[in-house]
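No hydrogens, no waters, no symmetry mates; every other heavy atom, side chains included, goes into these values. This structure is a prediction, so every number in the text was calculated from the model and none was measured. Read the numbers this way: they start at 1 and go in the same order the structure lists the ligands and their atoms.
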Amino acid sequence: MDNETILQLLEWLDASTCNFLAVKTITSELDKAGFAALNPSEGWDIKPGGKYYVVKNGSAVFAFVAGTASPAEAGFRLVAAHSDSPCFKIKPNAEILGDGGVVALNVEKYGGGILYTWFDRPLSISGRVMVDSGDPLNPETRLFDLRRPVATIPHLAIHFNRSVNEGNPLSVQKDMKPVIGYFSREEVMDTAKKGGFVKVMIAESLGIEPTDIIDYEANLYPFEKAGVCGVNDEYMQSARIDDLSMAFAGLRAMLDTCDKPCAATRVLAVFDNEETGSGTKQGAASPVLRNMLDRIVTLYGGEADAFYRSIARSFMISADDAHAWHPNYGEKYDPTNHPVIGGGPVVKINSNCKYMTDAESSAIFRNICRVADVQCQYFVNHSDVAGGSTLGNILTSQIDIKGVDMGNAIWAMHSARETAGTSDHVETVKVFTTFFTL
Ligand code: ZN
């Protein structure tokens, strides 16, 4: 195990308990490495070799190192991933009072998580609040993370449902409400006057008044820290491995290569809302990336067709985790193409084009792996299973760019605690680093 790379990944995963904090983790590292933040509402001054990033909605980030040649001559080299993971979002007016002063929270599911993995765990809350800035059209954003276990979703005892282990349908509205404690009538009344327990807890963590909070986006997250397991530390476990492990592999590669001159413009694109179909202004189905690339090309000057020439010379690695062969469910997998944990990065292939991979882009990726001296493997669905989709083919509806869909093989995708391979992460960092320096 490459200790340093893995320990850093685990630390980044723990710091990134929601999409907003994932972007903050990335931008803090970019700041340290000398990247300049560009404001979309102001003019950009881009110099060849310069390091920049743009944040969208606080939940998507696009970092780039301007090429020593113009994109029209040398193209873009992109690694794309996503910042969001399935979780529970806390609704407004969330508090539901029960017997004995018990307070539960009204929540909505975000994305397609494995619900029962969220039971009986210590949970915390993070997200963003909007506070008054004096300008009604531009409220101020404050990020928060309670960083203490304030909630749990208790499962019903087996004695009330003896057949629980034979399948147990779950309702988000009924079964998944987290409980945050029990309180006296006075405490409940007093807190209600201040805006409710959620606002009071968040305000306390930020050192502001609950009434300062105009609105919030808050999500539950599993409080346990990321860690390694397995006899030889071959596995790592955490919430949000999909897809922060890929975002952070891209970040590591970008930080390690950003000071080496390269003719191509290197881009790390971390979108939000992949888990809900990418259909937001900060998602891959929006023009956000296309607009940014267009803007960079324009600032290099050149002919009117420079943008189209740039895209024709570009290559994208769409990086999102893949399903590892599971020893208890071998029948679910394709008989000859089932990636294993520890087998290296995975090229994803789908004949119905749910992935952007084709023979040409797969060959390019395999060539990069060969140069990096890294083994790679294929994922193809069992022919009777529909499978999932990811960023690549959604992005191609906005930009007709050549690219490959890949990821690392993980178990329990969308569980509250997913499992991946430590060596695979190190190998993928190597591949991305090679891609950014070829
Ligand atoms: Zn994903």
Checklist outcome for this item: All heavy atoms of F144 vs all of A218, minimum pair found to be CZ-CB, 3.8 Å
Checklist entry - Ion pair present between K354 and D405, side-chain N to carboxylate O less than 4.0 angstrom? => result no
Checklist entry - Is K402 positioned over the aromatic face of F315, cation under 6.0 angstrom from the ring centre and no more than 45 degrees off axis? => result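 The answer is no, since K402 fails at least one limit relative to F315.
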Checklist entry - Hey, which N, O or S atom on D242 ends up closest to the Zn ion (ligand 1)? => result OD1
Checklist entry - Of all the N, O or S atoms in D320, which one sits nearest to the Zn ion (ligand 1)? => result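 Checking each N, O and S atom of D320, the shortest distance to the Zn ion (ligand 1) belongs to OD1.
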Item to check | the Zn ion (ligand 1) contact by D321, N, O or S atom under 2.8 Å | outcome: no
Item to check | Test side-chain contact (heavy atoms from CB on, under 4.5 Å) applied to I341 and I410, step by step | outcome: CA-CA 7 Å; I341 289 182; I410 70 170; 5.7 Å; no
